[in-house]
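Have a look at the structure below, then the notes.
Residue numbers start from 1 in every chain, and the chains themselves are labelled A, B, ... in the order their sequence lines are given, proteins ahead of strands. A quick note: this is a predicted structure, and the numbers were derived from the prediction, not measured.
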Number of protein chains: 4
Amino acid sequence: MFRFGKLGDGGSGAVNDRDGDAGRAAPRKRADARRNERTLLDAAAAVFVTSGVEAPVRDIAARAGVGVATIYRHFPTRADLIIAVYRHQVESCAEAGPALLASSATPHDALGRWVNLFVDFLVTKHGLAAVLRSDEAGFEALHTYFLDRLMPVCARLLEAAAAAGEIRPDIDAYELMRGVGNLCIGADSDPRYDARRLVELLIAGLRLPR
Amino acid sequence: MFRFGKLGDGGSGAVNDRDGDAGRAAPRKRADARRNERTLLDAAAAVFVTSGVEAPVRDIAARAGVGVATIYRHFPTRADLIIAVYRHQVESCAEAGPALLASSATPHDALGRWVNLFVDFLVTKHGLAAVLRSDEAGFEALHTYFLDRLMPVCARLLEAAAAAGEIRPDIDAYELMRGVGNLCIGADSDPRYDARRLVELLIAGLRLPR
Amino acid sequence: MFRFGKLGDGGSGAVNDRDGDAGRAAPRKRADARRNERTLLDAAAAVFVTSGVEAPVRDIAARAGVGVATIYRHFPTRADLIIAVYRHQVESCAEAGPALLASSATPHDALGRWVNLFVDFLVTKHGLAAVLRSDEAGFEALHTYFLDRLMPVCARLLEAAAAAGEIRPDIDAYELMRGVGNLCIGADSDPRYDARRLVELLIAGLRLPR
Amino acid sequence: MFRFGKLGDGGSGAVNDRDGDAGRAAPRKRADARRNERTLLDAAAAVFVTSGVEAPVRDIAARAGVGVATIYRHFPTRADLIIAVYRHQVESCAEAGPALLASSATPHDALGRWVNLFVDFLVTKHGLAAVLRSDEAGFEALHTYFLDRLMPVCARLLEAAAAAGEIRPDIDAYELMRGVGNLCIGADSDPRYDARRLVELLIAGLRLPR
DNA sequence: GATGAATGAGAATTCATTCAT
DNA sequence: GATGAATGAATTCTCATTCAT
């Protein structure tokens, strides 16, 4: 089955080489700032795994061996940090959509596979799903990013399946993704709960009664 | 469709008529305390609606017009308060199970209706679903209460449907309820998200391929 | 060795039959009030043993099976309660002074025995010694009572010993009692610490170099 | 008579010159933090004098003109703060032991002088003696520090005196220090009570009857 | 640019004491 | 007289965020 492709960073490790803005030669100082940002992202990823995405800023700074203010400089908002940490995986996920559509037997099948990818991603991110649906101010950026990037992909798959007459047409991508996200909340801390199985049910439920 | 019957307190209002059982047993003095407890429950319900079930104790006290310690006297633990606030509705929900099983066309149908009841309840309780799945110490009592009361009902319906060959037999009541609960998280604050529809999908997904 | 005589209540049990103010026939209601006061004193004594004399008022009320206000009615101040609880033993101690002086070989010997009595009393009263030296407002009554009752007795013994040329004349009763009281603080909770032995040293130290 | 040597800070004033060891080791930035820590220690010392070592954290912060969290940063535990405040004096006291042994006429004499030092220290520290004997959790560090540092010194003096046949051999350093400590409780707030005199008695009482 | 010290608002919880019934 | 419910002050501790160095 599809995995988060080229990266293989199963949810913890190094992330992000920051948009390849190869562009104009960055001023010298950028070198260590860049290194710093990288360190920060790795540290954040690690802390997120153990303490969740709402972990105290201080913990992340400590892990990275930098001062807290450094985090604020690079990522004014917690959402910015979260986005940066997961950007690669989100991108991979987004890119996987069309590929799956092309390679799967049916659109509904592709949809199921793609959603599995999304679930695999979320389930391993302690607290991400929860914050993804939080309405606390300051997370709009996060919502926006995830939605902007993934919703179109999901919508595409839904349309295809609907067009093929495989699924009910009355559900939209936003709602589906929100539902899937919700089903992933707390999935990592409860051995009696298997988010994947429930999501499978949800996708199965989309099927039109043949 | 079934509603929370006689009560009709759609998630905010007065709760708890606490021993309407006129009985002599209760000491007289309770008169004002009784009134106060009631006030407290109403205030809590109201605050829960706007600020979620994790609202500061102080806010609830203020809303009720009492001192904080009064809350602690009546409800030593936040879980106690939450349980008290929602007890009636939980009971109603639990009692509705067997009735639905008897009155519905098929067990799967009964299951769907019952789950709808549960969703109707949760969706209006800002933050309840979230706290229900929280693993923070201090909420065990809450989990226990909900689970003890509702899981058996759900299990009963699942068994019936499975026995009738209507649904897949590989899902248990705990997981289903958790899933449904999760789908309700944040449902009240997002107009684009309809938990009922998604839960419907989930239940539909249980169906065995004819 | 001398004990707290007739009483034999080694620090816990029932205390106080409240000044036998046999006087004029007390109004009827007094009967249960009297009983109540007695219950209260027993309860207080018991709680003092386990939780110290600074135990929460509520605990004492609970133990006595009465409301907190009842305590306040009978004993407006914590000091009043403490005094009432220990009155008998303090009286016994006070009365033992002259008797010891008469029955002992020398005044210094009598002093030692009497101080032992005082120590036996204090050591078993969790926290009494501490509160006895506390300067918190509200304990003056307590200090006053203890001092008024016991200091003269101690002074008498000191004088006799000084007059007999057995001890240094430059220490007064107040200071000695305070010292002894202090040595008793916390004695019951520390197995490595024996207040009696230290007090013995102190008394020994009074001796004039022969 | 011996005093707390070079310091002469009779119980209130400036404490702690914290690494006067110019060394390169300490990072530059500490400049203001250092000043702050010093301010904090001075403030704490002052507040301790008036309100005792159990004074509310907030009061200390206010006195120092800093936020409460600043205290927590520097001294996570109240015990840490107390230790820091008194460290110098404790050290001086500890160091004085051997010196006194060498310079005094007899070991018993040295013991008396050393104990006087200890008393001088304690008597001026409102509440220190009380907390020193408290069994509340959170003060172990404090007990440990004081005991670790001072008990061996006291033990040494006791042994020497015992070896010289000057004193009774049946008292150990822990008990003696505890007793002396107790005698100092509340000594500063009671003009009729002179802890020094009583301690003197205690030490005199150790003497073997010639 | 980086640092990490300082800030101060917030939330929980406990008890002595008063007061309506 | 008795009750025990209500009060509300007091205290601790934690973090996100800012700012002087």
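For the pair D:H143 (side chain) and D:L132 (backbone), a donor-acceptor distance under 3.5 Å is present. For the pair D:E37 (side chain) and D:R35 (backbone), a donor-acceptor distance under 3.5 Å is absent. Side chain of B:S51 to backbone of B:F48: no donor-acceptor contact under 3.5 angstrom is found.
Taking side-chain N and O atoms only, A:N36 has no distance below 4.0 Å to OP1 or OP2 of E:dG1.
Listed nucleotides F:dC19, F:dT14, F:dT7 differ in distance to B:V66; the shortest reach to its side chain belongs to F:dT7. Here E:dA6 is the nucleotide among E:dT3, F:dA6, E:dA6 with the atom lying nearest to any side-chain atom of D:T70. Of all nucleotides listed (F:dC15, F:dG4, E:dA16), F:dG4 comes nearest to the side chain of C:A69. Comparing E:dT13, E:dT3, E:dT18 against the side chain of C:Y72 picks out E:dT18 as the nearest. Across F:dG4, E:dA2, E:dA16, the shortest atom-to-atom separation from the side chain of A:H74 is found for E:dA2.
Note: CZ (A:F75) to P (F:dT17) measures 15 Å, nearest angstrom. Between the C1' atom of F:dA5 and the CG atom of B:L40 lies a distance of 12 Å, rounded to the nearest Å. Rounded to whole Å, atom P of E:dT18 lies 14 Å from atom CD1 of C:I71. Taking atom CG of C:D59 as the reference point, atom C1' of F:dG4 lies 15 Å away to the nearest angstrom. For B:R35 and E:dA20, the CZ to C1' distance is 11 Å, given to the nearest whole Å. Counting to the nearest Å, the C1' atom of E:dG4 and the CD atom of D:E37 are 14 Å from each other. Rounded to whole Å, the distance from CZ on C:R73 to C1' on E:dC19 is 12 Å. Counting to the nearest Å, the P atom of E:dT17 and the CG atom of C:L81 are 12 Å from each other.
None of A:E54, A:R78, A:K125 except one satisfies the side chain to side chain contact (heavy atoms under 4.5 Å, CB included) rule with A:V131; the exception is A:E54.
Comparing A:G67 and B:P76, the nucleotide of DNA chain E nearest to each residue sits closer to the 5' end for A:G67.
Under the 4.5 Å side-chain criterion, counting only non-hydrogen atoms from C-beta, B:R63 is not in contact with B:D42. Between C:I60 and C:F75, the closest side-chain pair of non-hydrogen atoms is not below 4.5 Å.
Residue contacts for B:R58: at a heavy-atom cut-off of 4.0 Å it reaches a base atom on one of the strands shown. Among the protein residues, D:V68 comes within range of the nucleic acid bases, having at least one heavy atom under 4.0 Å from a base atom. Looking at heavy-atom distances under 4.0 Å, A:R78 makes contact with sugar-phosphate atoms alone, never a base. Contact annotation for C:G138: no contact, since no heavy-atom pair falls under 4.0 Å across all strands.
Figure legend. E:dG8 is base-paired to F:dC15; pairs are counted as Watson-Crick or G-U wobble with both atom distances under 3.5 Å. Across all strands shown, E:dA20 forms a Watson-Crick or G-U wobble pair with F:dT3, both key distances being under 3.5 Å.
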